[in-house]
Amino acid sequence: MSFIADKFDVIVVGAGHAGVEAALAAARLGGKTLLATLSLDNVALMPCNPSIGGPAKGHLVRELDALGGQMGLSADRACIQMRLLNTGKGYAVHALRGQEDKPYYHTIMKKVIEDQPNLELKQLMIDKLLVEQGAVVGVEAETGEVFEAPCVILATGTYLRGRIVYGQLNYACGPNGLRSAEKLSASLLEAGVELMRFKTGTPARVDARSLDYSKMEPQYGDEVVRNFSFISDLTTREQVPCWLTYTNPDTHKIIRDNLHLSGMFNGLVEGVGPRYCPSIESKITRFASKDRHQLFIEPEGRSTNEMYVQGMSSALPAHIQLQFMQTIPGLEHCKMMRAGYAIDYDCLDPLQLKPSLEHKGISGLFSAGQSNGTSGYEEAAAQGMMAGINAMRKLQGKEPIVLRRDQAYIGVLIDDLVTKGTNEPYRMMTSRAEYRLLLRQDNADLRLTELGRQIGLVDDYRYERFTTKRSAIERAIADLGNINLSPSAENNAKLVQLGTTPLRTGINMLDLLRRKEVAYNHLQEAFALPELDQTVAEQVDIFAKYEGYIAKQRQEVERALRLENKRLPEDFDYRSIKELSTEAAEKLSKVKPSSLGQASRISGVSPADISVLMIALELKHRKEN
């Protein structure tokens with residue numbers, strides 16, 4: 001017998017990385033929020049790799065932080081090793097990656113959730129989505145408790161009809177042996193939600209005491225202490241090394257000889273797996289000529305002996321996994337604490353969603369994270385925060401916040417999902433962002449903190465820190481432009497010492513800083529300039545060296561915005577426009593783009609179709625006016 005247990009403004013189903021950011025955003029914006037999780041022990045759980053960040057993913061974490069999210073702050077506290085990746089390349093692809101203490105990260109996040117005003121955390125199995133007249137009215141738990149709310153955010157991760165597969169084993173389960181949600185999928189289908197079946201996987205965990213570290217190469221973190229969050233003040237970090245080793249022909253032979261036993265190849269895995277994080281079986285098959293594959297042995301935390309075998313995701317039987325791992329240098333006597341597995345799960349087709357992450361056909365239903373067909377903790381968290389923000393803005397009668405592709409990687413991520421859809425677990429990469437020179441990880445605060453303040457998630461402390469930094473950057477750039485340097489013997493001697501060409505004519509300090517080999521810190525020491533905070537000095541360096549390229553990319557953005565600013569009505573009848581190709585009319589009718597810009601990015605919509613749409617839109621406006 002069901003009964004009404006409570007009423008909320010926003011209900012979030014699932015407390016993984018999407019769910020916690022969605023719930024925190026909604027609660028911090030004043031909404032009475034329920035966060036429902038299958039188990040209080042899996043709040044912000046890392047069911048796969050014990051790390052946060054990396055190329056493009058680190059950008060997402062910093063953007064999330066700049067807007068007032070939680071992931072960066074918690075990741076900094078739980079971090080046991082931090083590295084800045086791609087330092088040999090340009091600033092656009094520099095990215096932070098933090099090795100995390102997995103149990104401690106969960107503990108930190110759970111405490112943040114529990115202490116957040118307006119937010120209730122409950123252990124519940126949600127079985128039904130309650131919809132009346134095309135709008136969400138709440139959810140029902142397996143206990144019969146009904147929780148009413150005008151907005152529900154699905155953040156179900158890989159738990160919807162989750163099935164674990166390795167070898168011949170195939171059973172209903174969520175990650176790490178936790179329960180799967182077996183009934184909610186049927187309720188979503190009944191409400192008109194379209195579901196897809198995807199697959200992900202995870203490698204074995206081995207006992208740290210059973211490894212021979214003398215046969216592996218240590219991988220240390222950076223000596224310079226860095227943080228994801230722009231307001232973290234951590235200046236010291238006791239770092240723990242990871243270890244590098246490789247597979248070999250013996251490893252590959254065992255895997256190849258047993259492929260028929262793998263859940264990936266014996267028909268037990270139904271879902272489509274991630275292209276950019278393949279199983280070891282897929283690697284051996286796809287790259288048959290390669291005689292070795294790189295593996296990282298990563299600690300799961302300071303207080304556990306579990307080590308994660310990065311690059312070894314597998315759905316082979318447990319005894320075969322142990323057998324092939326023991327052919328690897330350093331793992332000859334390894335003891336397996338958890339076997340690797342594949343997991344099948346239901347997720348939404350993201351083409352059903354508006355750019356706000358609200359379902360097009362069900363008012364008040366939002367979706368975020370792996371339930372939208374993405375992979376990765378960072379992609380999930382970014383969507384979660386945007387869903388939480390937009391659920392509250394819907395309740396407050398405000399326009400949704402939709403980040404553009406030139407504003408944030410978060411904008412690229414969501415636009416890709418709702419415009420192009422995905423036929424495999426989507427992973428954020430720097431190559432997906434056409435304006436990546438503007439979307440650097442170092443300037444996420446300069447791009448987004450002001451917006452976070454307007455939304456209401458950036459508090460006074462963060463905003464004061466931000467405005468102080470921004471003012472210091474602007475002041476330093478202006479001052480450098482006003483300091484002229486003459487080609488005197490003394491000045492030229494200093495420049496030669498810095499490894500740069502002497503002057504023939506006068507130059508200002510800002511133009512001198514445009515030279516590739518010159519950094520602000522060099523000029524500061526040589527010419528007694530004011531000492532700047534390192535983050536400020538970095539921004540001054542980047543401005544001087546990239547100003548011309550950035551200006552060029554901004555011009556590209558301005559041209560693109562002309563299409564973005566041409567809005568398309570939701571009820572536009574594309575099938576009535578005879579000049580459109582059949583494929584374009586069909587795709588446009590399904591996606592219902594909000595602008596000509598979004599329409600131009602839909603697969604199957606050609607430039608000719610966009611020209612036809614522009615004319616049709618102009619004619620429509622003339623008729624109405």
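Values below: every heavy atom of this structure, side chains too, minus hydrogens, waters and symmetry copies. By convention here, the first residue in the shown sequence is residue 1.
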Legend entry - Pair Gln441-His59, side-chain donor/acceptor within less than 3.5 Å: no

Inset, instruction - Measure the shortest side-chain to side-chain distance between Gln598 and Val591 over non-hydrogen atoms and say whether it is less than 4.5 angstrom. - result: yes

Legend entry - Thr430 and Tyr409: CA distance, side-chain angles, deciding distance, side chain to side chain contact (heavy atoms under 4.5 Å, CB included) verdict: CA-CA 8 Å; Thr430 52; Tyr409 270 86; 3.5 Å; yes

Inset, instruction - Decide whether a cation-pi geometry holds between Arg453 and Phe466; the criteria are a distance under 6.0 Å from NZ or CZ to the six-membered ring centre and an angle within 45° of the ring axis. - result: no

Inset, instruction - Specify the closest pair of heavy atoms between Phe228 and Ala75, including all atoms of both residues, with the distance to one decimal. - result: CD1-CB, 3.8 Å

Inset, instruction - Would you kindly check if the NZ (Lys) or CZ (Arg) of Arg62 is within the cone defined by 45 degrees around the ring axis of Phe230 and under 6.0 Å from the six-membered ring centre? - result: yes

Legend entry - Between Asn372 and Gln383, a side-chain donor and acceptor under 3.5 Å: yes

Inset, instruction - Flag the pair Ser180 / Arg161 as yes when at least one side-chain heavy-atom distance between them is below 4.5 Å, and no otherwise. - result: no

Legend entry - Worked verdict on Met46 versus Tyr377 for side chain to side chain contact (heavy atoms under 4.5 Å, CB included): CA-CA 8 Å; Met46 294 182 181; Tyr377 312 144; 3.4 Å; yes

Inset, instruction - Specify whether Phe572 and Tyr574 have parallel, tilted or perpendicular ring planes, treating 30° as the upper limit for parallel and 60° as the lower limit for perpendicular. - result: perpendicular

Legend entry - Exam field: side chain Lys128 to backbone Lys183, donor-acceptor pair closer than 3.5 Å: no

Inset, instruction - Decide yes or no for Leu438 and Arg554: does some side-chain heavy atom of the first lie under 4.5 Å from some side-chain heavy atom of the second? - result: yes

Legend entry - Check: Ser282/Ser279 side-chain N/O donor and acceptor closer than 3.5 Å: yes

Inset, instruction - Check whether any side-chain N or O of Thr156 sits under 3.5 Å from a backbone N or O of Tyr159 as a donor-acceptor pair, and report yes or no. - result: no

Inset, instruction - State, without any angle test, whether Ser51 and Glu100 hold a side-chain donor-acceptor pair at a distance under 3.5 Å. - result: no

Inset, instruction - Apply salt bridge (Lys or Arg N to Asp or Glu O under 4.0 Å) to Glu379 and Lys57, showing your working. - result: CA-CA 7 Å; Glu379 291 92 336; Lys57 290 167 174 282; 2.9 Å; yes

Please tabulate, for the side chains in residues 185-193, all donor-acceptor contacts under 3.5 angstrom to protein atoms that are two or more places apart in sequence or on a different chain.
from: Ser185; atom 1: OG; to: Asp346; atom 2: OD2; distance (Å): 2.8
from: Ser187; atom 1: OG; to: Leu129; atom 2: N; distance (Å): 2.8
from: Ser187; atom 1: OG; to: Leu129; atom 2: O; distance (Å): 3.4

Legend entry - Salt bridge present between Asp65 and Arg462 (N-O < 4.0 angstrom): yes

Legend entry - Glu21 side chain vs Met71 backbone, donor-acceptor pair below 3.5 Å: yes

Inset, instruction - Kindly indicate whether the side chain of Leu403, heavy atoms from C-beta on, has any atom under 4.5 Å from the side chain of Leu67. - result: yes

Legend entry - Gln454 atom CD, neighbour heavy-atom count above 12 within 6.0 Å: yes

Legend entry - Within-4.5 Å side-chain heavy-atom neighbours: Gln352 and Lys354: no

Inset, instruction - For Asp445 and Ala66, work out which heavy atoms get closest and say how close. - result: CA-CB, 3.7 Å

Inset, instruction - To the nearest 0.5 Å, tell me how far Leu365 CG sits from Lys360 NZ. - result: 13.5 Å

Legend entry - Leu154: which of Leu348, Leu160, Ile11, Ile126 passes side chain to side chain contact (heavy atoms under 4.5 Å, CB included): Leu348

Legend entry - Parallel, tilted or perpendicular: ring planes of Phe8 versus Phe147, cut at 30 and 60 degrees: tilted

Inset, instruction - For the pair Arg440 (side chain) and Arg436 (backbone), establish whether a donor and an acceptor sit closer than 3.5 Å, ignoring hydrogens and angles. - result: no

Inset, instruction - Would you mind checking if Arg447 and Asp442 are paired as a salt bridge, meaning a charged N to carboxylate O distance below 4.0 Å? - result: no

Legend entry - Member of Asp609, Leu617, Val612, Ile615 meeting the side chain to side chain contact (heavy atoms under 4.5 Å, CB included) criterion with Ile577: Val612

Legend entry - Ala368 to Ala387 - nearest heavy-atom pair and separation: CB-CB, 4.1 Å

Legend entry - Glu148 side, atom CD; Leu130 side, atom CG - distance, nearest 0.5 Å: 8.5 Å

Inset, instruction - Tell me yes or no: between the side chains of Ser356 and Lys394, is some donor less than 3.5 Å from an acceptor? - result: no

Inset, instruction - Using only heavy-atom distances, determine whether the side chains of Tyr308 and Asn49 contain a donor-acceptor pair under 3.5 Å. - result: no

Inset, instruction - May I have all residue pairs that pass side chain to side chain donor-acceptor pair (under 3.5 Å) and include part of residues 23-36, sequence neighbours excluded? - result: Asp6-Lys32, Arg28-Gln70, Arg28-Gln116

Inset, instruction - Please name the pair of heavy atoms, one in Pro569 and one in Lys620, separated by the smallest distance, quoted to 0.1 Å. - result: CG-CE, 3.5 Å

Legend entry - Interatomic spacing from CZ in Arg163 to SG in Cys173 - rounded to 0.5 Å: 10.0 Å

Legend entry - Asp415/Thr419 under side chain to side chain donor-acceptor pair (under 3.5 Å): CA gap, chis, key distance, verdict: CA-CA 6 Å; Asp415 182 65; Thr419 304; 3.0 Å; yes

Legend entry - Asn390 side chain to Ile401 backbone, donor-acceptor under 3.5 Å: yes

Inset, instruction - Give a yes or no on whether a salt bridge exists between Lys587 and Glu583, defined as a side-chain N under 4.0 angstrom from a carboxylate O. - result: yes

Legend entry - Backbone N/O of Gly411 and side chain of Arg405: donor-acceptor pair under 3.5 Å: no

Inset, instruction - Without swapping roles, check the side chain of Ser232 against the backbone of Asp76 for a donor-acceptor pair under 3.5 Å. - result: no

Legend entry - Qualifying ring-ring contact (aromatic ring centres under 6.0 Å, His included) pairs, either residue in residues 380-399, two or more places apart: none

Legend entry - side chain to side chain contact (heavy atoms under 4.5 Å, CB included) partner of Ile113, the single match among Ile108, Leu35, Thr37: Leu35

Inset, instruction - Using atom types as modelled and distance alone, determine if a side-chain donor or acceptor of Gln407 lies under 3.5 Å from a backbone N or O of Arg404. - result: yes

Inset, instruction - Measure the acute angle between the ring planes of Tyr546 and Tyr91, then classify it against the limits of 30° and 60° as parallel, tilted or perpendicular. - result: perpendicular

Inset, instruction - Report yes or no: do Asn565 and Ser595 form a side-chain donor-acceptor pair below 3.5 Å? - result: no

Legend entry - Check: Ala44 main-chain N/O paired with His106 side-chain donor or acceptor under 3.5 Å: no

Inset, instruction - Taking the side chain as every heavy atom from C-beta outward, state whether Leu457 and Ile389 have any pair of such atoms under 4.5 Å apart. - result: yes

Legend entry - Test item: Asn118 side-chain N/O and Ala27 main-chain N/O as donor-acceptor pair under 3.5 Å: yes

Legend entry - Pairwise side-chain contact, Val13 with Ile153, heavy-atom cut-off 4.5 Å (strictly under): no

Inset, instruction - Of all the heavy-atom pairs spanning Pro47 and Thr202, show the shortest one and how long it is. - result: O-OG1, 3.8 Å

Inset, instruction - Taking only Lys NZ, Arg NE, NH1 and NH2, and the carboxylate oxygens of Asp or Glu, determine whether Glu564 and Lys566 approach each other closer than 4.0 Å. - result: no

Legend entry - CA sep, side-chain torsions, deciding dist, call: Lys122, Glu120, salt bridge (Lys or Arg N to Asp or Glu O under 4.0 Å): CA-CA 6 Å; Lys122 291 181 183 291; Glu120 288 187 39; 3.6 Å; yes

Inset, instruction - Can you see which heavy atom on Val10 is nearest to which on Met392, and at what distance? - result: CG2-SD, 3.9 Å

Inset, instruction - Side-chain contact test, heavy atoms from C-beta onward, threshold under 4.5 Å: evaluate it for Leu413 versus Met428 and give yes or no. - result: yes

